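Reviewing the structure listed below.
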Amino acid sequence: MKLYNKLGIFAAGALMMSSCAVNDLFDDKGDLGEVVPTVTWELSSSVCAAGNEAGFLAKYYTTEEGVSIDHSEVWAMVTRTESAAATQKLVSSPAYTKTVSLVDTVRGFHLLQSYPHSMAKLDTIKGTEYHLNASFPTSRTLGPVNWANPADWDDEKFAMYYPASFKEEFTSKIVNDLTKDSTYFASLRNVYIAYDFTKEQFEAVNAKYPTLEPLPWSDSQEAGSTKGDLWFGADTEVVDHYYYTTLVGEVTVEHEVATVEEAVAQGIAAEKVYPVYKAPHWVFCRYSDDTGAAVTSVRAEYMPLWKELIQMIPFEAWIYNSADACYSVEFSRKYAYITQFKVVDTKGGVGRDSDDKTVELN
């Protein structure tokens with residue numbers, strides 16, 4: 001930074017300090033050079049049960065002749081800290097936990113309690129220092145709130161504790177991850193098996209894509225055609241047909257043919273024609289020359305159907321932990337007092353400890 005820029009910043013800072021009494025760093029100390037009480041204090045504990053008194057020990061004195069201590073004060077600012085989380089539990093993968101957090105001020109600094117100087121005791125050893133052993137109140141309404149892994153879903157509590165957009169953002173993330181490509185091929189299959197889709201849901205999605213062979217629906221009562229049977233693992237021992245690839249610009253295009261001879265007739269060398277293995281009609285399982293093994297994916301034209309289908313799964317189903325019979329949500333809210341101790345003398349001078357003390361309510 002150039003020097004004249006630095007000088008400009010310093011000048012602006014000096015102007016702000018001289019012209020804005022609200023932000024005067026020396027406001028509690030009185031005028032520059034004025035003698036004010038010297039103060040230190042310590043809390044009995046950094047935690048306190050909401051509604052109980054929080055204890056402290058303060059020490060103070062003044063060196064100004066003809067001036068004595070009038071009273072002391074505890075000031076406090078109330079802060080609130082919240083955290084909320086939910087974890088995907090319908091299937092083991094992809095693992096996903098969405099979290100949000102908030103720290104805000106519930107109430108700015110305000111006078112919490114005043115103490116007459118008569119409550120303090122003179123330290124007989126030092127002779128001039130006073131000790132105040134006292135406490136200040138906390139509000140019983142500021143107790144912590146915790147809601148974690150409930151066995152029964154409570155939509156009113158969720159709406160009270162979580163942002164309005166949380167559900168939509170959570171489910172959109174899961175759905176998009178599962179259907180953006182075949183990275184989570186096995187996970188998509190597990191969702192199909194794990195969630196109890198209705199026949200009407202399948203029919204509604206299939207109706208939107210009449211040119212495609214429908215996705216099959218099944219329940220456990222249909223003997224021999226459970227979901228697991230319908231979406232079976234590809235059988236790399238059985239070649240269903242073949243495919244070859246061409247390059248169109250920078251895009252590799254796959255062409256499926258019934259036989260190797262059909263591809264050769266189209267001018268493709270036989271060694272460039274690869275097997276496509278037996279699989280459900282929405283699955284493309286083929287030999288890959290790049291990996292030297294079978295590669296399995298959901299056919300691109302079917303991914304929109306799967307996306308629409310799993311978008312029908314409600315948020316509560318995604319987060320239900322069947323192993324522990326609970327919903328995987330965690331919410332906590334905690335309050336704290338940020339406190340200051342001030343000592344006022346008989347001429348109105350105010351001294352205080354420069355360190356604010358924090359009391360967490362439990």
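In this text the structure is predicted, and so the values were computed from the model without any measurement.
- At least one donor-acceptor pair under 3.5 Å links the side chain of S288 to the backbone N or O of D290.
- Using a 4.5 Å heavy-atom threshold, the side chains of N206 and L215 count as touching.
- When all heavy atoms are compared, the tightest approach of V106 to Y335 is CG2-CE2, 3.9 Å.
- Under the 4.5 Å side-chain criterion, counting only non-hydrogen atoms from C-beta, W231 is in contact with V283.
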Start with the C-alpha gap between N149 and Y327, add the side-chain angles, then the distance that decides, and say whether side-chain hydrogen bond (donor to acceptor under 3.5 Å, both in side chains) holds.
CA-CA 5 Å; N149 302 318; Y327 293 90; over 6 Å; no

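- Here the two rings, on F284 and Y243, have centers that are under 6.0 Å apart.
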Go through it in stages, so that I can follow the logic: the residues are N190 and S187, the test is side-chain hydrogen bond (donor to acceptor under 3.5 Å, both in side chains), and I'd like the CA-CA distance, side-chain angles, deciding distance and then a yes or no.
CA-CA 5 Å; N190 290 338; S187 298; 5.2 Å; no

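- The pair E42-K357 counts as a salt bridge, with a side-chain nitrogen and a carboxylate oxygen less than 4.0 angstrom apart.
- The backbone N or O of Y192 sits less than 3.5 Å from a side-chain atom of K227, completing a donor-acceptor pair.
- One distance of note links CG of L309 with CD of Q201; it measures 6.5 Å at 0.5 Å rounding.
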Pair Y302, Y209 - check ring-ring contact (aromatic ring centres under 6.0 Å, His included), show working.
CA-CA 9 Å; Y302 276 92; Y209 300 88; 8.7 Å; no

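- Counting only heavy atoms from C-beta outward, the side chains of T97 and T99 approach each other to under 4.5 Å.
- Taking each heavy atom of V257 and A263 in turn, the nearest pair found is CG2-CB, 4.0 Å.
- With sequence neighbours left out, L122 forms a side-chain contact (heavy atoms from CB on, under 4.5 Å) with Y130.
- Taking T179 as the reference, V175, M303, K307, I310 meet the side-chain contact (heavy atoms from CB on, under 4.5 Å) condition, with sequence neighbours excluded.
- For L111, the side-chain contact (heavy atoms from CB on, under 4.5 Å) partners at least two apart in sequence or on another chain are E73, W75.
- T259 contributes a side-chain N or O that, together with a main-chain N or O of E262, makes up a donor-acceptor pair within less than 3.5 Å.
- A cation-pi arrangement is present between K98 and F166 under the rule of less than 6.0 angstrom and at most 45 degrees off the ring axis.
- Taken from CG in D356 to OG1 in T358, the straight-line distance is 7.5 Å, to the nearest 0.5 Å.
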Please test T226 against S218 for side-chain hydrogen bond (donor to acceptor under 3.5 Å, both in side chains), starting from the C-alpha separation and ending with a verdict.
CA-CA 6 Å; T226 63; S218 174; 6.0 Å; no

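- Atom OH of Y274 and atom OH of Y242 lie 13.5 Å apart (nearest 0.5 Å).
- Remark: S44 engages no residue in a side-chain contact (heavy atoms from CB on, under 4.5 Å) (not counting sequence neighbours).
- By the 4.5 Å heavy-atom criterion applied to side chains, Q88 and F170 are counted as neighbours.
- The heavy-atom pair separating R333 from M160 by the smallest distance is NH2-O, 4.4 Å.
- Within the structure, side-chain hydrogen bond (donor to acceptor under 3.5 Å, both in side chains) contacts touching residues 276-285 (residues at least two apart or in different chains) are E213-H281.
- For W217 (side chain) and F197 (main-chain N/O), a donor-acceptor pair under 3.5 Å exists by modelled atom type.
- The distance from the CD1 atom of I69 to the OG atom of S118 is 13.0 Å, given to the nearest 0.5 Å.
- M119 is not connected to V344 by any chain of hydrophobic side-chain contacts under 4.5 Å among Ile, Leu, Val, Met, Phe, Trp and Tyr, and they are in different clusters.
- Atom-to-atom distance recorded for T339:OG1 and L43:CG is 5.0 Å, nearest 0.5 angstrom.
- Applying the side chain to side chain donor-acceptor pair (under 3.5 Å) test between Y244 and each of E256, E254, Q266 identifies Q266 as the sole match.
- The shortest non-hydrogen separation linking V78 to L142 is CG1-CD1, 3.8 Å.
- Shown here is E156, whose CD atom has no more than 12 heavy atoms of other residues, nucleotides or ligands within 6.0 Å.
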Would D177 and Y96 satisfy side-chain contact (heavy atoms from CB on, under 4.5 Å), going step by step from the backbone distance to the final call?
CA-CA 10 Å; D177 282 354; Y96 176 58; 5.7 Å; no

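- Under 3.5 Å, the side chains of S332 and S83 contain a donor-acceptor pair of N or O atoms.
- Under a 4.0 Å N-O distance rule, the pair K334/E360 does not qualify as a salt bridge.
- A distance-only check finds a donor-acceptor pair linking the side chain of D353 to the backbone of D355 [under 3.5 Å].
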From CA spacing to verdict: side-chain contact (heavy atoms from CB on, under 4.5 Å), Y162, W147
CA-CA 11 Å; Y162 284 70; W147 186 54; 4.0 Å; yes

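- Contact check for H71 versus V343: no side-chain heavy atoms found under the 4.5 Å cut-off.
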Could you list the donor-acceptor pairs under 3.5 angstrom formed between side-chain atoms of residues 46-62 and any protein atom two or more places apart in sequence or on another chain?
residue, atom, partner, partner atom, Å
E53, OE1, S135, OG, 2.8
Y60, OH, H117, ND1, 2.9
T62, OG1, E64, N, 3.4

Derivation and outcome, side-chain hydrogen bond (donor to acceptor under 3.5 Å, both in side chains), residues S172 and E168:
CA-CA 6 Å; S172 292; E168 181 181 355; 4.9 Å; no

Is there a salt bridge (charged side-chain N to carboxylate O under 4.0 Å, His left out) between D155 and K167? Walk through the geometry before answering.
CA-CA 11 Å; D155 211 44; K167 285 186 178 182; 2.9 Å; yes

Verdict with supporting geometry, M77 and R107, side-chain contact (heavy atoms from CB on, under 4.5 Å):
CA-CA 6 Å; M77 175 174 67; R107 187 176 181 185; over 6 Å; no

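- Across G349 and P37, no two heavy atoms sit closer than the pair O-CD, 4.0 Å.
- For the residue pair Y320 and A325, the shortest heavy atom distance occurs at OH-CA, 3.3 Å.
- Side chains of V191 and W318 form a contact here, defined as non-hydrogen atoms less than 4.5 Å apart.
- Inter-residue side-chain proximity for L132 and Y115 is flagged as met; some heavy-atom pair is nearer than 4.5 Å.
- Atom CD of E301 has more than 12 heavy atoms from other residues, nucleotides or ligands within 6.0 Å.
- Y184 contributes atom OH, which lies 8.5 Å from atom CD1 of I174 (distance to the nearest 0.5 angstrom).
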R352 vs V36, test: side-chain contact (heavy atoms from CB on, under 4.5 Å). Steps then yes/no.
CA-CA 9 Å; R352 73 177 182 90; V36 296; over 6 Å; no

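- In this structure, the side chains of F109 and I338 come closer than 4.5 Å at one or more pairs of heavy atoms.
- Within a 6.0 Å radius of CD in E271, other residues, nucleotides and ligands contribute more than 12 heavy atoms.
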